[in-house]
Amino acid sequence: NFAVTVGAFNTNKSLGDLCAACVPLQGLTAPVPDFNGTFTLSQSLPTDVSSATVTSGSVVIAAQNGFSFDPLAGGGTLTVTLTDGQGGKQIGRTVFSGAMAASSTVTQTLTLAPGSVGSTLFVTAVVASPGGQTATINTGQRLTITATPSPILVSSARVNVANQELAFDPVDLDVEDIDDAIADRIVKGAIVLQVTNPFGVSVGAQLDITYPGGKVSKSLSIAGGATSTATLSYSGDEFRTFLGKPNVRLTGSGTVSSTSGSITVTPGQQVVIKAKIDVTLKIG
């Protein structure tokens with residue numbers, strides 16, 4: 001699975017926002033009226049991820065009670081529901097019904113249901129307070145809800161890859177044992193690349209052969225087909241700059257085509273490039 005990181009998100013409301021009947025009691029010590037209120041907050045999946053198939057994950061919900069009383073005393077509840085988009089399917093729910101003392105923070109963990117989700121997660125928190133608690137009414141005090149997702153494991157994701165930059169894992173080239181007698185006879189040649197590409201997108205790339213004191217760079221285009229071949233041509237002089245030398249490496253980078261749009265990716269997919277050297281030697 002991929003581990004998808006979603007940032008924490010929070011919202012808050014004042015007692016005056018949640019309890020209209022509390023406003024006339026501002027500054028008085030009196031029984032708190034009953035009230036109901038709703039919070040909504042949202043967070044998006046990482047940039048360029050438009051959807052994902054969740055296999056597991058959880059969200060820690062923290063309720064910070066800034067009131068001078070416990071709004072859940074006497075049978076109140078705080079119900080937190082996570083949905084796939086605003087008004088979408090429910091993918092997790094938890095209910096706070098225990099004590100929530102004044103100026104305290106209580107937490108519960110909401111477990112995500114497996115399945116497909118879109119780009120935005122919505123949390124709706126509904127507080128139902130039965131009232132009756134005697135307190136000094138301060139309508140500016142606030143109740144804050146914070147949602148902190150753990151890394152969410154997904155089995156696939158729909159990702160916008162257009163113009164994304166990428167890097168190839170470096171490969172050591174074992175060419176130190178090629179002696180000068182052979183290198184001096186090279187007229188020209190090529191590195192022939194056999195490419196396996198499971199993503200179905202084309203890539204403009206640059207491959208660099210680095211060696212102590214320099215490098216030789218060539219541009220190439222990787223086709224969007226499942227398999228393709230690319231050829232990088234080199235002169236004899238270019239080959240001689242690195243053949244017979246130690247610590248020669250093949251590295252590269254590239255950019256996905258601007259017209260590639262979004263694709264579905266799964267763990268384990270990778271572009272594989274196999275290379276062989278084809279040279280023309282002068283004999284006689």
Side-chain angles (χ1 to χ4, degrees), residues 1-2 47-53 154-284:
N1 296 303
F2 294 125
T47 303
D48 294 317
V49 178
S50 59
S51 64
T53 301
V154 303
S155 59
S156 65
R158 188 77 180 170
V159 182
N160 176 29
V161 296
N163 297 315
Q164 294 284 359
E165 296 182 356
L166 53 87
F168 298 108
D169 291 336
V171 177
D172 292 324
L173 299 182
D174 184 13
V175 295
E176 186 175 2
D177 293 334
I178 298 178
D179 60 34
D180 292 342
I182 294 177
D184 289 344
R185 293 176 177 273
I186 296 176
V187 178
K188 62 180 180 178
I191 295 181
V192 181
L193 306 175
Q194 295 177 330
V195 183
T196 301
N197 177 6
F199 299 107
V201 298
S202 59
V203 177
Q206 175 179 296
L207 287 187
D208 301 321
I209 296 177
T210 63
Y211 55 90
K215 69 177 180 180
V216 180
S217 300
K218 296 288 181 178
S219 298
L220 78 153
S221 178
I222 298 176
T227 60
S228 62
T229 301
T231 301
L232 304 179
S233 299
Y234 295 83
S235 67
D237 287 339
E238 286 176 319
F239 268 117
R240 282 185 283 276
T241 59
F242 60 85
L243 292 181
K245 291 184 171 59
N247 303 319
V248 178
R249 308 189 87 192
L250 180 66
T251 64
S253 61
T255 303
V256 180
S257 166
S258 61
T259 60
S260 296
S262 295
I263 63 172
T264 299
V265 296
T266 59
Q269 286 181 312
Q270 59 183 348
V271 173
V272 177
I273 300 176
K274 295 182 179 180
K276 64 179 181 179
I277 295 178
D278 184 7
V279 295
T280 300
L281 296 176
K282 180 179 179 180
I283 59 176

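What you see is a predicted model, and the numbers here were worked out from it, not measured in a lab.
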Student: How long is the gap from CG on Leu250 to CG on Leu193, to the nearest 0.5 Å?
Tutor: 7.5 Å

Student: Answer yes or no: is there a side-chain heavy-atom contact under 4.5 Å between Val201 and Ser257?
Tutor: no

Student: Give, for atom OG of Ser253 and atom CG of Leu166, the distance between the pair rounded to the nearest 0.5 Å.
Tutor: 7.5 Å

Student: Is there a side-chain contact between Tyr234 and Ile209, using heavy atoms and a 4.5 Å cut-off?
Tutor: yes

Student: Once ring-ring contact (aromatic ring centres under 6.0 Å, His included) is applied, do any residues pair with Phe242, and if so which ones, sequence neighbours excluded?
Tutor: Phe239

Student: Verify, without hydrogens or angle tests, whether Asp180 (side chain) and Ala183 (backbone) share a donor-acceptor contact under 3.5 angstrom.
Tutor: no

Student: Pair up each side-chain donor or acceptor in residues 266-284 with any protein partner under 3.5 Å, not counting sequence neighbours, and list the distances.
Tutor:
residue	atom	partner	partner atom	Å
Gln269	OE1	Thr266	N	2.9

Student: Could you measure the distance from the OG atom of Ser262 to the CG atom of Asn160? Nearest 0.5 Å is fine.
Tutor: 4.5 Å

Student: Which heavy-atom pair separates Ala162 from Ser258 by the least distance, and what is that distance?
Tutor: CB-O, 3.5 Å

Student: Could you pull out all residues at least two apart from Thr264 that satisfy side chain to side chain contact (heavy atoms under 4.5 Å, CB included)?
Tutor: Ser156, Arg158

Student: Please identify each residue that fulfils side chain to side chain contact (heavy atoms under 4.5 Å, CB included) with Asp237, with sequence neighbours left out.
Tutor: Ser235, Arg240

Student: Does atom CG of Asp169 have more than 12 heavy-atom neighbours, drawn from other residues, nucleotides or ligands, at distances under 6.0 Å?
Tutor: no

Student: Hey, could you give me the CG/CD distance between Leu232 and Gln206, rounded to the nearest 0.5 Å?
Tutor: 10.5 Å

Student: In this structure, are over 12 heavy atoms from other groups packed under 6.0 Å from Lys188 atom NZ?
Tutor: no

Student: Using the test side chain to side chain contact (heavy atoms under 4.5 Å, CB included), find all partners of Asp174 that sit at least two apart in sequence or belong to another chain.
Tutor: none

Student: Out of the candidates Val248, Leu243, Asn247, only one should pair with Lys245 under the side chain to side chain contact (heavy atoms under 4.5 Å, CB included) rule; please name it.
Tutor: Val248

Student: Could you tell me which non-hydrogen atom of Ala157 sits nearest to which non-hydrogen atom of Val49, and how far apart they are?
Tutor: CB-CG1, 4.3 Å

Student: Kindly state each residue pair satisfying ring-ring contact (aromatic ring centres under 6.0 Å, His included) with at least one member in residues 164-219, sequence neighbours excluded.
Tutor: none

Student: If the test is side-chain hydrogen bond (donor to acceptor under 3.5 Å, both in side chains), which one of Asp172, Asp208, Thr210 qualifies with Arg249?
Tutor: Asp172

Student: Using every non-hydrogen atom in the two residues, find where Asn197 and Gly200 come nearest and quote the distance to one decimal.
Tutor: OD1-N, 3.8 Å

